[in-house]
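Have a look at the structure below before the remarks.
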Amino acid sequence: MSQKNLPVGRFAPTPSGRLHLGNLMCAMLAWLSAKSRGGKCVLRIEDLDAARCPFMGENTKYLLDDLAWMGLTFDGEVLWQSQRTAVYEGYFEKMREAGLIYPCYCSRAELHAASAPHLSDGVPLYDRKCLLRAERGEAPPPGRKPAMRLRVPDRDIAFCDLLQGEYTENLERECSDFVVRRSDGVYAYQLAVVVDDALSGVNEVVRGNDLLSSTPRQMYIQELLGFSHPAYAHIPLLTDGEGRRLSKREGDGCMERVREVYPDPAPVIGALAAALGLIPSPESMTVAQLLPLFDWEKIPRDAIALPQGF
Ligand code: GLU
């Protein structure tokens, strides 16, 4: 395989709380997938929202420490989204110059009061109120700072996910025009993630399948900006005993508790490896020992239950 085709994966956590085992499982899979085929894996801290994720705040320090504790080492410099506003601005301007961006003055309450159906991530499908008003030549409401939306065409975007198989979404009917810059000037995740993955040479995105429905939007931005599409693997979420997904806010699988109970990472790595089907039953091991055992064919497609004892 030429150097050019080697996988470049990434782990891109948002440090809005202490990591939980599900996040670590995702990091481990991204790392194993790229490294087991001689590739690289980069780390990016998605701290765009300074109010929720202060730069180098406590959660980020724990996050870096949890990853090192697991033995997950990343290639190159860590990328901090909070330090990259000028980069996002350049790509945003390209789309604006192409006439694809328009200001939206709708408040959160107005958006949620609209009777439009909601997207799977809870965001209402935008009814293009501000676009239609501008087209009628009417003035926007005074005294409000607008968010910026990307206008989408009536087009299906399809891709084949490594784990979830074929997935298709119609941009206009299932996503609608979406925010690429918030009203407070912060660039949105959908834009930042595309720019950063492309500029880091990432060609394989491994992440939780709660982000599956974001992928067509991101693929559309990749197309507009002339970036190639990475391969995608959306992994099942780790769930608690009742089948609920783990949350950073609740205690289950929280790394603080995991590390109190297990000062040594080897049994934790073994328990995750067994839950993922990489080994037949839990045993103590390192992430390096898992490299020759890694195979996407073994990874479950549905929810994975938190291993016993966590
Ligand atoms: N920052 C996102 C999260 O922590 C993940 C983004 C991605 O992997 O594309 O949920």
Side-chain angles (χ1 to χ4, degrees), residues 7-34 40-55 57 59-60 62-64 66-67 70 72 74 78-84 88 119-123 157 159 161-164 167 169 175 178-180 182 186-222 225 227 229-239 245-250 253-255:
V8 180
R10 46 65 149 191
F11 180 52
T14 302
S16 57
R18 183 87 190 245
L19 294 187
H20 58 64
L21 268 188
N23 306 122
L24 263 299
M25 186 179 82
C26 184
M28 194 169 98
L29 282 175
W31 187 91
L32 285 172
S33 178
K40 292 184 173 165
C41 194
V42 299
L43 176 64
R44 176 171 76 237
I45 307 296
E46 300 212 322
D47 57 351
L48 277 172
D49 189 337
R52 280 170 66 224
C53 315
F55 180 54
N59 289 325
T60 309
Y62 280 129
L63 182 161
L64 296 174
D66 289 338
L67 292 170
M70 289 274 288
L72 297 170
F74 292 88
V78 177
L79 223 62
W80 302 84
Q81 287 192 327
S82 59
Q83 311 305 301
R84 292 172 59 75
Y88 308 138
L119 304 180
S120 56
D121 50 13
V123 178
I157 300 252
F159 71 102
D161 189 87
L162 233 61
L163 278 180
Q164 310 300 330
Y167 185 80
E169 242 174 54
C175 306
F178 57 94
V179 171
V180 285
R182 300 183 344 191
V186 174
Y187 286 97
Y189 158 69
Q190 307 291 3
L191 174 63
V193 75
V194 167
V195 169
D196 287 342
D197 281 341
L199 300 192
S200 310
V202 166
N203 54 19
E204 180 176 276
V205 169
V206 176
R207 59 187 179 192
N209 72 4
D210 54 332
L211 288 167
L212 185 66
S213 71
S214 281
T215 305
R217 278 171 272 177
Q218 293 172 14
M219 290 175 70
Y220 180 56
I221 299 181
Q222 285 156 7
L225 297 178
F227 298 140
H229 301 310
Y232 287 98
H234 287 88
I235 61 170
L237 299 174
L238 200 55
T239 53
R245 71 176 276 201
L246 299 188
S247 126
K248 285 189 193 126
R249 285 170 289 280
E250 285 160 27
C254 174
M255 287 311 290

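This structure is a prediction, so every number in the text was calculated from the model and none was measured. Remember, it's 1-based here, ligands and their atoms both numbered in the order they're listed.
Asp196 meets the salt bridge (Lys or Arg N to Asp or Glu O under 4.0 Å) test with Arg44, Arg84; sequence neighbours excluded. Residues satisfying the ring-ring contact (aromatic ring centres under 6.0 Å, His included) criterion with Tyr187, sequence neighbours excluded, are Phe92.
Taking every non-hydrogen atom of Val193 and a distance limit under 4.0 Å, the qualifying atoms of ligand 1 come out as 9 (O). Each of the following atoms of ligand 1 lies closer than 4.0 Å to a heavy atom of Pro13: 1 (N), 4 (O). Applying the 4.0 Å criterion to heavy atoms of Leu211 picks out, from ligand 1, the atoms 5 (C), 6 (C), 7 (C). Close approach of ligand 1 to Tyr189 (heavy-atom distance below 4.0 Å) involves ligand atoms 6 (C), 7 (C), 9 (O).
Residue Val206 has no nitrogen or oxygen atom sitting less than 3.5 Å from a nitrogen or oxygen atom of ligand 1, judged on distance alone. The shortest N or O to N or O distance between Thr14 and ligand 1 is below 3.5 Å.
Glu46 CD to Leu79 CG: the interatomic distance, rounded to the nearest 0.5 Å, is 9.5 Å. For the atom pair Met219 CE and Tyr167 OH, the distance stands at 11.5 Å (nearest 0.5 Å). Once rounded to the nearest 0.5 Å, the distance linking OG1 of Thr14 with CG of Leu48 reads 8.0 Å.
Phe11 does not count as a contact of ligand 1, since none of its heavy atoms falls under 4.0 Å from the ligand. At a 4.0 Å cut-off, not a single heavy atom of Gln218 sits close enough to ligand 1 to count as contact.
The backbone N or O of Ala30 lies less than 3.5 Å from no partner atom in the side chain of Ser33, so there is not a single donor-acceptor pair.
Taking the six-membered ring wherever Trp is involved, the centroid distance between the rings of Phe11 and Trp31 does not fall below 6.0 Å.
With a 4.0 Å cut-off on non-hydrogen atoms, Asp210 does not touch ligand 1 at all.
The residue among Arg10, Arg44, Glu46 with a heavy atom at the shortest distance from atom 6 (C) of ligand 1 is Glu46.
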